[in-house]
Amino acid sequence: MSSTMLKEPKMTLPIRSAVPTPVPGVVPAETPAIPALLVDRVTKRFQVARKKAPVVAIANVSLRLERGGTIGILGANGSGKSTLIRLVSGLLTLDEGRVEVFGHDLEREEMAVKRLINRVSVDAAFFKKLSPMENLLFAARLYGIDSGFARRETVRITERLGIARKRLGRPVEQLSRGMQQKIAIARALLTSPALLLLDEPTTGLDPRSKLDVQTFIEEIRKTHDASIVLTTHDLDEAERLCDEIIVLNDGKVVAQGSPEELKRLVAERYGQAPTMHSVFMTYTGRSLDDDIAEEEAEDE
Amino acid sequence: MTALTHELKASYAFIERNFFLSRRYWGWEIAFLIYSAAGALSISLIGAQAGDPRLLLTLMVGAIFWNYLSVVFSWIAETIAIERWEGTLEYTMMAPIRRSTHLLGAVAYAMVYGLIHTLAILVAVVLFFPDLSFAHANIATVAGFMVLGSFSFVGIAMLAAILPLLFVERGAQMAFVLQSVLLLVSGVYYSISILPGWMQVISHVSPATYAIDGVRKGLIDGVPLSELTGDIWPLLVMGTLFIPFGLWAFGRAEKYAKRTGKLKRVG
């Protein structure tokens, strides 16, 4: 990590490089590899009412994700997780700071960045009357992928995710929530993103579907050379999948480190049990149960 | 792959997707077609009841060609609204394509769909009124005004498509109101001379006013294109101005939506 580039919050632990990948003989050993994602002192505000001060959704957030790594973003509802994902996706403009994806500046080289990223959000957004195949063909064409190749890849990826070929022709609305989420992951993978943004991909899934998706994410890490940003409410999932975790609270990074480092820190500094639940409670001031209860109340 | 090939392929993505949507909603497509044909026939029958063949043709042309323009307008104007309803807008906006590519695909499908839809209604009307004669019709004039009318209408439709970007809740409704105003002021079923003065001012900036007038003169009176410059130049000017302006405005609206967070799924 380049400490001169990123402003670290007070509670931050040293960032562990996820997968340092200098190629011997090509990149000098002392040359830092280009990170998959660099978020440098990013701030985003929203004007929610004319006569009120803007709400700061993301405040001076910095992070660095090395190629092939997985970084988890934890935080309560409204902490800024999804906003951060949207900022990296180019779906929101930055008020301050900069974002680079594999060295490409998001604002100046928007198209280059768009070609490198894809996103899976908590709501598997599809044309519900269209079939998974029709939805994925549309996505593939937007990314310049040949339709024949896209069809073959769709079958291959969805079969790997446990979705029978016969289901690919039925309207998405007839599929279960878990299957829709798997199709959403297949859509993202179809474009072979170098940076995959997973915004609560397993929220609302049954345990079996959740496990399927988590296993598949692990497989993607191993086989697709993808770097992953994962936001989640599932602390076990974060611990299992992420090399490094950032905890957001009120749009600010309040803790940063590997799961082991964070657990050790809350045990040593705060006398808490060395669990991710303690990490979450310590840094967000609330338990995960509070968060889920609030989410359910919002849904109602 | 060249950038142009990539953009054209991406444009085709929107054509294919809209075709898939029409196919999936085939029941509604047929219902909409029957309703449109019934509407065109009902309006034409007013002329038949009056025993005035010219009035019959005037109303028929208005009904059929307004149907074409409104179908084109709707498909383009709802480009964003459809994606917002489905929740796919953010994914489409994340794709590595230019907004002009996005709109080109929407426009191409709208025109092809509009032509097929209108042709079906035309056939229904001709079958219903077998004694109608188009012996004097100038087909080149009709075709010319349909093309010119389409392109000038596209610019306005692009501007309407911006509304759901700017106004998350009410944008689609605003676009529908705009379409209604165009119907009222464009002399679709009557001469614009009977409109109040302030409405006549608005009618002069509606491409439909000139397009339908030109089609009528070509179809009923057989007037050649060369004698209709008064209708042609406003359409050329509007097409030349509205389309680039629509693209520019769309880009500005997208930036505004990204700044204020209005791309986010609603509903």
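Keep in mind that this is a model prediction, so the values were computed, not measured.
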- Among A:Ala188, A:Ala140, A:Ser121, which has the most heavy-atom pairs under 4.5 Å with chain B? A:Ser121
- Message: Take a 6.0 Å sphere around CZ of B:Arg99 and say whether it holds more than 12 heavy atoms from other residues, nucleotides or ligands.
- Response: yes
- Message: One pair to check against salt bridge (Lys or Arg N to Asp or Glu O under 4.0 Å): A:Glu107 and B:Lys255. What are the steps and the verdict?
- Response: CA-CA 12 Å; A:Glu107 290 187 324; B:Lys255 279 185 183 162; over 6 Å; no
- Flag side-chain contact, heavy atom, 4.5 Å: A:Arg86 against B:Lys258: no
- Query: Does the side chain of A:Lys129 reach to within under 4.5 Å of the side chain of B:Tyr25, using non-hydrogen atoms?
  - Reply: yes
- Can you find a pair of side-chain heavy atoms, one from A:Met111 and one from B:Arg98, that are under 4.5 Å apart? yes
- Quick one: what part of A:Gln47 sits under 4.5 Å from any heavy atom of chain B, side chain, backbone, both or neither? neither
- Message: Using every non-hydrogen atom in the two residues, find where B:Gly87 and A:Ala125 come nearest and quote the distance to one decimal.
- Response: O-CB, 2.8 Å
- Message: To the nearest 0.5 Å, what is the distance between CD1 on B:Ile97 and NZ on A:Lys114?
- Response: 7.5 Å
- Contact winner vs chain A - B:Met94, B:Arg259, B:Glu254, heavy-atom pairs under 4.5 Å: B:Met94
- Mind checking whether A:Phe46 and B:Thr260 have side chains closer than 4.5 Å, heavy atoms only? no
- Salt bridge A:Lys128-B:Glu86, side-chain N to carboxylate O under 4.0 Å: no
- Task: Could you tell me whether the side chain of A:Phe127 reaches within less than 4.5 Å of the side chain of B:Ile82, counting heavy atoms only?
- Result: yes
- Task: Please test A:Glu134 against B:Glu16 for side chain to side chain contact (heavy atoms under 4.5 Å, CB included), starting from the C-alpha separation and ending with a verdict.
- Result: CA-CA 9 Å; A:Glu134 289 167 340; B:Glu16 185 180 58; over 6 Å; no
- Query: Which of the residues B:Ala95, B:Ala10, B:Ala257 is involved in the greatest number of heavy-atom pairs with chain A at under 4.5 angstrom?
  - Reply: B:Ala95
- Message: Please give me the minimum heavy-atom distance between B:Ala13 and A:Leu142, naming the atom from each residue.
- Response: CB-CD2, 3.9 Å
- Task: Test the A:Arg187-B:Tyr91 pair against the cation-pi criterion, namely NZ or CZ under 6.0 angstrom from the six-membered ring centroid and within 45° of the ring axis.
- Result: yes
- Query: Within a radius of less than 6.0 Å around CZ of B:Phe151, do more than 12 heavy atoms belonging to other residues, nucleotides or ligands occur?
  - Reply: no
- Would you sort out whether A:Phe138 and B:Phe14 count as a ring-ring contact (aromatic ring centres under 6.0 Å, His included), showing the intermediate values? CA-CA 7 Å; A:Phe138 173 58; B:Phe14 291 95; 5.3 Å; yes
- Query: Taking all atoms of both residues into account, what is the closest heavy-atom pair of B:Arg24 and A:Gly169, and its distance?
  - Reply: NH2-O, 3.0 Å
- Structural part of A:Val120 lying under 4.5 Å from a heavy atom of chain B: backbone
- Do the non-hydrogen side-chain atoms of B:Arg17 and A:Leu130 ever get within less than 4.5 Å of each other? yes
- Query: Where on A:Thr191 is there a heavy atom nearer than 4.5 Å to chain B: the side chain, the backbone, both, or neither?
  - Reply: neither
- Return yes when atom CZ of A:Arg165 has more than 12 non-hydrogen atoms of other residues, nucleotides or ligands closer than 6.0 Å, and no otherwise. no
